[in-house]
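Take a look at the structure set out below.
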There are 2 protein chains.
Amino acid sequence: MRYLFGPGPSNVPPRILAAGSKPIIGHMHPEMYEIMNDIKRGIQYAFQTENNMTIAMSGSGHAAMECAVFNTVEPGESVLVAINGIWGERVAEIAERMGANVHRMVKTPGGYFTNNEITQAIEKHKPVLFFLTHGESSAGLCHPIDGIGDICRKHNCLFLVDTVASLGAAPIFMDKQNIDILYTGSQKALNAPPGTAPISFNDRACHKMFNRKTKPVSYLFDMTHLSNYWGCDGQPARIYHHTGPVSGFFGLREGLAILVEKGLEESWKKHKEVASYLYRGLEDLGLKLFVPERDLRLPSVTTIAIPNGYDWRELLMYIMKHHQMEMTGGLGPSIGKVMRIGLMGYNCEKTNADMALHALADALKNCKKSKA
Amino acid sequence: MRYLFGPGPSNVPPRILAAGSKPIIGHMHPEMYEIMNDIKRGIQYAFQTENNMTIAMSGSGHAAMECAVFNTVEPGESVLVAINGIWGERVAEIAERMGANVHRMVKTPGGYFTNNEITQAIEKHKPVLFFLTHGESSAGLCHPIDGIGDICRKHNCLFLVDTVASLGAAPIFMDKQNIDILYTGSQKALNAPPGTAPISFNDRACHKMFNRKTKPVSYLFDMTHLSNYWGCDGQPARIYHHTGPVSGFFGLREGLAILVEKGLEESWKKHKEVASYLYRGLEDLGLKLFVPERDLRLPSVTTIAIPNGYDWRELLMYIMKHHQMEMTGGLGPSIGKVMRIGLMGYNCEKTNADMALHALADALKNCKKSKA
């Protein structure tokens with residue numbers, strides 16, 4: 001047993017492991033389409049959307065990222081990317097590779113953008129797409145979303161939001177918040193194995209992506225084909241496109257079913273409670289949280305400023321070796337700045353927070369502290 | 001229970017299902033790297049190669065297709081694609097989307113290309129990449145490979161071969177046959193769930209793809225990053241790229257382990273024997289095999305010419321309904337021309353051939369035959 005208390009993948013509960021080990025059926029059997037329909041309905045609930053164009057990618061969160069950008073942007077078009085951690089960096093790189101004209105708004109990890117700053121940048125760069133990370137797991141920040149969809153709408157720009165690390169842990173309302181494209185991953189608060197990634201497009205996004213002059217650069221991620229595979233295009237027949245990860249879809253369906261049974265509000269409340277409990281325990285250990293504004297902290301992934309005098313790699317290795325527990329360091333621009341504890345979905349329990357705190361206390365006691 | 005006797009996915013044996021349902025670990029834990037190393041060694045054996053640059057894609061066969069083309073071709077370069085079924089069509093489409101100058105050699109499904117024809121086309125179009133399908137599952141053809149690698153080498157062209165449907169069922173020798181890039185899927189003779197795809201590049205392919213002027217259009221499929229994730233780039237540390245499908249890798253490792261235990265030659269022999277047995281049974285039913293040349297038939301997927309007067313959809317639906325057995329129709333250009341029976345890996349047994357023949361005989365007896 002290993003405790004996956006990093007930023008994901010998270011431990012997979014027995015019920016989801018069992019679903020993923022069911023004998024497989026064909027990727028185009030009628031029963032598989034029923035399972036895909038269940039997944040679609042589960043994503044609609046989790047995203048709080050009624051979008052018909054709601055599917056799961058046959059791949060990790062990066063597949064959803066590339067799908068979103070490849071389909072809604074044509075070469076030469078302007079894209080604006082908010083970067084305050086690793087995920088914005090990735091989207092900017094993806095958009096540049098497919099030939100977009102990329103503009104970056106940059107804050108150091110943990111920073112956030114005001115609606116005023118976003119408005120100004122959109123007015124300056126006139127993007128067709130604006131990207132923002134809701135749950136910036138590398139910094140432990142949960143970015144405010146309210147009002148941004150309206151700003152984008154007013155400026156004829158699509159609003160793309162990454163909720164890989166936050167879905168199920170912090171409130172998001174795709175329709176109410178006027179988010180045009182939303183995606184997440186299977187392996188965080190949904191507790192399924194990595195390898196599938198829910199994504200949804202509203203009518204504005206569909207209008208843009210289905211009225212383009214050029215074909216998207218990837219055949220595999222082309223929404224014309226994926227929408228048919230998922231029965232979202234109104235066509236009577238589904239035509240073979242690629243072979244979806246059948247077992248991965250079984251697991252994702254179960255993860256979504258658990259979220260539906262528990263209820264989103266209950267899940268959000270639980271993540272907030274356990275995170276608050278963890279904050280208190282960390283402060284009792286004399287540790288400092290990396291994001292000072294309590295309301296901006298991501299409930300699923302907590303970032304701790306590296307305590308003075310300690311080697312963060314040594315602390316993490318100690319915890320893995322003596323407690324069979326994964327915590328992680330930073331990622332991308334937050335490397336060397338933070339240590340991260342993720343308690344997501346199935347793992348989000350006070351007893352797990354206690355175990356994590358105990359392991360951390362033990363590491364702080366036993367790892368050598370330099371005199372610097 | 002459903003008998004997956006189509007062209008894949010194939011039934012997954014209990015041992016592989018059990019491997020895929022093991023509790024997951026982190027995608028960058030040292031134990032995961034060991035599992036990935038095992039997979040690498042397994043692929044090297046299955047491909048008969050010593051290539052260091054051997055990995056598994058986090059996706060289906062199409063991910064491997066796009067990876068191969070995106071990394072080894074730059075926009076504007078010439079690519080030659082042999083099309084005698086669906087897979088060549090797909091590769092041509094993929095190469096066109098990323099801006100290659102695509103030339104097609106086309107035969108009707110079931111046709112094949114002589115080395116002379118290939119030489120002439122390569123001399124005419126001077127491609128940087130030549131694509132050929134080894135196991136054309138849509139037509140049931142196993143294409144001869146000998147000598148083509150030498151032709152490509154002589155003309156400074158990379159030789160890319162698709163073995164999704166043939167690996168483990170028909171002999172392929174990546175190194176001896178001078179194949180520069182080879183890929184397959186997890187869900188055929190390897191009997192793992194769909195969602196991972198082995199791929200290997202030799203030194204010639206690496207030289208081309210790591211000395212390009214432009215970045216590949218996909219960040220997710222960029223071999224610079226994937227080679228680091230798989231520990232193939234000689235760097236001391238692995239840097240986070242994307243989250244691999246941990247459970248999918250567990251299953252793929254087990255599928256490769258079974259192939260190693262059984263032995264390639266034994267697996268090739270078994271597929272040939274069972275296919276021969278099936279051919280005889282089909283002929284006894286008065287059916288005609290679609291590929292007349294016995295030596296060109298793909299042992300894993302057998303194509304049957306649609307018997308006169310029958311509706312192939314009705315036959316297949318009857319077999320699914322009354323025998324819980326999947327057989328399929330054609331795919332792409334072979335739709336309406338063939339019915340297909342796949343007996344791959346774990347499913348490749350004479351008892352299964354008997355069951356398939358019994359179901360087919362029953363369908364021929366009970367489905368109405370038009371008088372035309």
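To find a chain, count down the sequence lines: A is the first, B the second, and so on, and within it residues start at 1.
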If you take all heavy atoms of [X] and [Y], which pair is closest and at what distance?
| X | Y | answer |
| --- | --- | --- |
| B/Cys67 | B/Asn71 | O-ND2, 2.8 Å |
| B/Ala359 | B/Ile319 | O-CG1, 3.8 Å |
| A/Ile83 | A/Arg104 | CD1-CG, 3.6 Å |
| A/Met57 | A/Ala64 | CG-CA, 3.8 Å |
| A/Leu316 | A/Met339 | CD2-SD, 4.2 Å |
| A/Gly88 | A/Val81 | O-CG1, 3.3 Å |

Query - Toward chain B: residues of residues 185-196 of chain A with heavy atoms under 4.5 Å - result: A/Gln187, A/Pro193, A/Pro194, A/Gly195
So what's closer than 4.5 Å to chain B heavy atoms on [X]: side chain, backbone, both or neither?
| X | answer |
| --- | --- |
| A/Ala63 | both |
| A/Ser10 | backbone |
| A/Met28 | neither |

Report summary line: chain A shares the most heavy-atom pairs under 4.5 Å, among B/Val12, B/Thr328, B/Asp222, with B/Asp222
**Report entry** Among the listed options B/Lys22, B/Glu93, B/His29, B/His27, the residue most often paired with chain A at heavy-atom distances under 4.5 Å
**Finding:** B/His29
Residue among [options] with most heavy-atom pairs under 4.5 Å to chain B:
| options | answer |
| --- | --- |
| A/Ser21, A/Gly6, A/Ser247 | A/Ser21 |
| A/Asn11, A/Thr214, A/Ile86, A/Ile25 | A/Ile25 |
| A/Gly20, A/Ser60, A/Ser218 | A/Ser218 |

Query raised in the report: Is there a side-chain contact between A/Phe221 and B/Leu220 (heavy atoms, below 4.5 Å)?
Result: yes
Can you tell which part of [X] gets under 4.5 Å to a heavy atom of chain A, answering side chain, backbone, both or neither?
| X | answer |
| --- | --- |
| B/Pro216 | both |
| B/Ala18 | neither |
| B/Leu4 | side chain |

Query raised in the report: Do B/Glu34 and B/Arg253 meet the salt-bridge criterion of a basic N to acidic O distance under 4.0 Å?
Result: no
Query raised in the report: Charged N to carboxylate O below 4.0 Å: is that the case for A/Arg2 and B/Glu31?
Result: yes
Report task. Check whether the ring centres of A/Phe249 and A/Trp230 lie less than 6.0 Å apart, and answer yes or no. Result -> yes
Name the atoms and distances for all side-chain donor-acceptor pairs under 3.5 Å in residues 236-246 of chain A, with sequence neighbours left out.
unit_1   : atom_1 : unit_2   : atom_2 : d
A/Arg238 : NH1    : A/Tyr229 : O      : 2.9
A/His241 : NE2    : A/Tyr219 : O      : 3.0
A/His242 : NE2    : A/Ser58  : OG     : 2.6

